[in-house]
Number of protein chains: 2
Amino acid sequence: MTEPNTRAPEATSAGARAWHLMYEVWKASKPYLETVAAGFDLTPQQVYALRQLANERPLAMSELATTLGCDASNVTAIVDKLEARGLVKRHSADRDRRVKALVMTEAGVDLQTRIEERMEQPPPAIANLSVEDQQALCVLLERALDAL
Amino acid sequence: MTEPNTRAPEATSAGARAWHLMYEVWKASKPYLETVAAGFDLTPQQVYALRQLANERPLAMSELATTLGCDASNVTAIVDKLEARGLVKRHSADRDRRVKALVMTEAGVDLQTRIEERMEQPPPAIANLSVEDQQALCVLLERALDAL
DNA sequence: TATTGTTATACTCTATAACTATA
DNA sequence: TATAGTTATAGAGTATAACAATA
């Protein structure tokens with residue numbers, strides 16, 4: 001326990017191990033997300049954008065960029081595709097006509113509901129855990145996000 | 001508890017919540033990984049490739065593709081860059097000259113050691129957790145990976 | 001014929017910079 | 001002049017398909 005074992009795996013801090021493991025779990029689960037999204041003929045980013053729009057109703061392009069964690073220029077492309085599919089609409093805001101307020105169409109709400117149902121089924125890495133472990137994982141991940 | 005509350009957030013299963021939270025934590029932490037990698041003038045994928053090569057010494061291109069979870073054609077590009085920087089070398093295997101055995105150069109080992117030291121510092125989402133929580137997170141994530 | 005790795009190509013995600021239309 | 005969104009462009013990551021060398 002007190003040996004100065006400098007480079008062996010046991011010397012790795014819990015934080016570093018958690019970070020590495022999280023990366024592995026994410027890497028294993030990403031294809032699942034892509035498959036689910038593709039099942040709706042969407043990309044993961046489009047799925048996530050729809051999800052955000054379902055929560056806070058009228059969202060500006062810039063706000064969506066923030067929640068997606070990407071540049072505003074990308075949001076233009078994402079919303080272009082969603083709008084072309086009739087899932088979302090851009091409305092010029094009344095009080096500042098530079099701002100585009102994004103609202104979901106009925107078709108968008110319908111699709112989003114189906115997506116949410118499908119997303120109830122998590123990827124194997126998480127689905128294979130016991131409910132108790134899943135709940136414990138939720139507590140830890142919520143704590144991690146709160147600490148930001 | 002037994003109410004048929006179909007669409008409220010509380011109706012969401014622990015698995016689905018864990019899946020969603022994991023996505024959020026990953027999204028929050030990805031920029032950190034990119035910043036660390038950029039500090040070594042590498043991309044995250046290149047960092048991960050070096051990491052794999054440090055463990056199992058002579059790795060074939062196809063094997064690296066498997067551990068990176070991507071197509072072999074991408075590995076060609078990744079290794080091209082690592083080789084151009086003198087961090088890795090391609091050796092045609094003796095017994096099957098179609099196979100390219102990848103080995104790290106001394107410069108590669110040196111850089112990888114520095115990267116590993118830097119990676120000891122996890123992103124804020126994980127660093128802000130108590131050591132106990134980090135350890136608990138490790139246990140759960142290991143279990144999730146074992147179940148695959 | 002089948003397989004390893006490469007090349008060519010294409011699409012998504014990402015960012016930066018220049019542009020427009022408003023403010 | 002500053003800001004919201006767009007356009008143009010570029011680089012990284014991804015996949016598929018066609019190809020070379022080898023088996």
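Each chain gets a letter, A, B and so on, in the order the sequences are listed, and its residues count up from 1. Keep in mind that this is a model prediction, so the values were computed, not measured.
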Asks: Would a hydrophobic clustering, with Ile, Leu, Val, Met, Phe, Trp and Tyr connected at side-chain separations under 4.5 Å, put Val99(B) with Leu82(B)?
Replies: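 They do not share one cluster, since no chain of ILVMFWY contacts under 4.5 Å joins Val99(B) to Leu82(B).
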Asks: To the nearest angstrom, how far is Lys100(B) atom NZ from dA20(D) atom C1'?
Replies: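 One finds 10 Å between C1' of dA20(D) and NZ of Lys100(B), rounded.
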Asks: How many whole angstroms separate atom CZ of Arg95(A) from atom C1' of dA4(D)?
Replies: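 One finds 14 Å between C1' of dA4(D) and CZ of Arg95(A), rounded.
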Asks: Whole-Å distance between dA21(C) C1' and Asp96(A) CG?
Replies: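 Distance, rounded to whole Å: 11 Å.
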Asks: Please answer: with hydrophobic residues joined when any side-chain heavy atoms are less than 4.5 Å apart, are Val25(A) and Leu148(B) in the same cluster?
Replies: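 Yes, it is one cluster - the side chains of Val25(A) and Leu148(B) are joined through contacts under 4.5 Å.
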Asks: For a quick check, tell me whether the side chain of Arg97(B) and the base of dT22(D) share a donor-acceptor pair closer than 3.5 Å.
Replies: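 Such a pair does not exist between side chain and base.
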Asks: Heavy-atom count around Lys27(A) NZ within 6.0 Å, excluding the residue itself: above 12?
Replies: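 More than 12 within 6.0 Å, yes.
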Asks: Counting heavy atoms not belonging to Asp146(B), are there more than 12 under 6.0 Å from its CG?
Replies: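 Result for CG/Asp146(B): enclosed.
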Asks: Can you measure Glu34(B) atom CD to dC13(C) atom P for me and round it to whole angstrom units?
Replies: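 To the nearest whole Å, that distance equals 14 Å.
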Asks: With respect to the phosphate group of dG13(D), does any side-chain polar atom (N or O) of Lys30(A) fall under 4.0 Å of OP1 or OP2?
Replies: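 So the side chain of Lys30(A) is outside the cut-off, no N or O lying under 4.0 Å from OP1 or OP2 of dG13(D).
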Asks: Please round to the nearest 0.5 Å and tell me the distance separating atom CD of Gln46(B) and atom CZ of Arg51(B).
Replies: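 Answer rounded to 0.5 Å: 15.0 Å.
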Asks: Is the phosphate of dT6(D), meaning OP1 or OP2, less than 4.0 Å from a side-chain N or O of Arg90(A)?
Replies: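 So the side chain of Arg90(A) is within the cut-off, an N or O lying under 4.0 Å from OP1 or OP2 of dT6(D).
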Asks: CG of Asp41(A) versus P of dT12(C): gap in Å, rounded?
Replies: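 Asp41(A) atom CG is separated from dT12(C) atom P by 10 Å.
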Asks: Rounded to the Å, how far apart are Asp94(B) CG and dT22(D) C1'?
Replies: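 Result: 14 Å.
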Asks: If you group Ile, Leu, Val, Met, Phe, Trp and Tyr by side-chain heavy-atom gaps below 4.5 Å, do Val103(A) and Val47(A) land in one group?
Replies: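 Unlinked, Val103(A) and Val47(A) end up in two clusters.
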Asks: Of the candidate nucleotides dC13(C), dG5(C), dA2(C), which contains the atom at the shortest distance from the side chain of Arg98(B)?
Replies: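 Between dC13(C), dG5(C), dA2(C), the one nearest the side chain of Arg98(B) would be dA2(C).
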Asks: Between P on dA4(D) and CG on Leu102(A), what's the gap in Å once rounded to a whole number?
Replies: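 Distance, rounded to whole Å: 14 Å.
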Asks: Tell me whether Arg90(A) is salt-bridged to Asp80(A), with the criterion being a basic N under 4.0 Å from an acidic carboxylate O.
Replies: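 Here Arg90(A) pairs with Asp80(A) in a salt bridge, since their nearest N and O are under 4.0 Å apart.
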Asks: May I ask you to list the residues of residues 67-89 of chain A, by number, that have any heavy atom positioned under 4.0 Å from an atom of DNA chain C?
Replies: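 Within residues 67-89 of chain A, the residues near DNA chain C are Cys70(A), Asp71(A), Ser73(A), Asn74(A).
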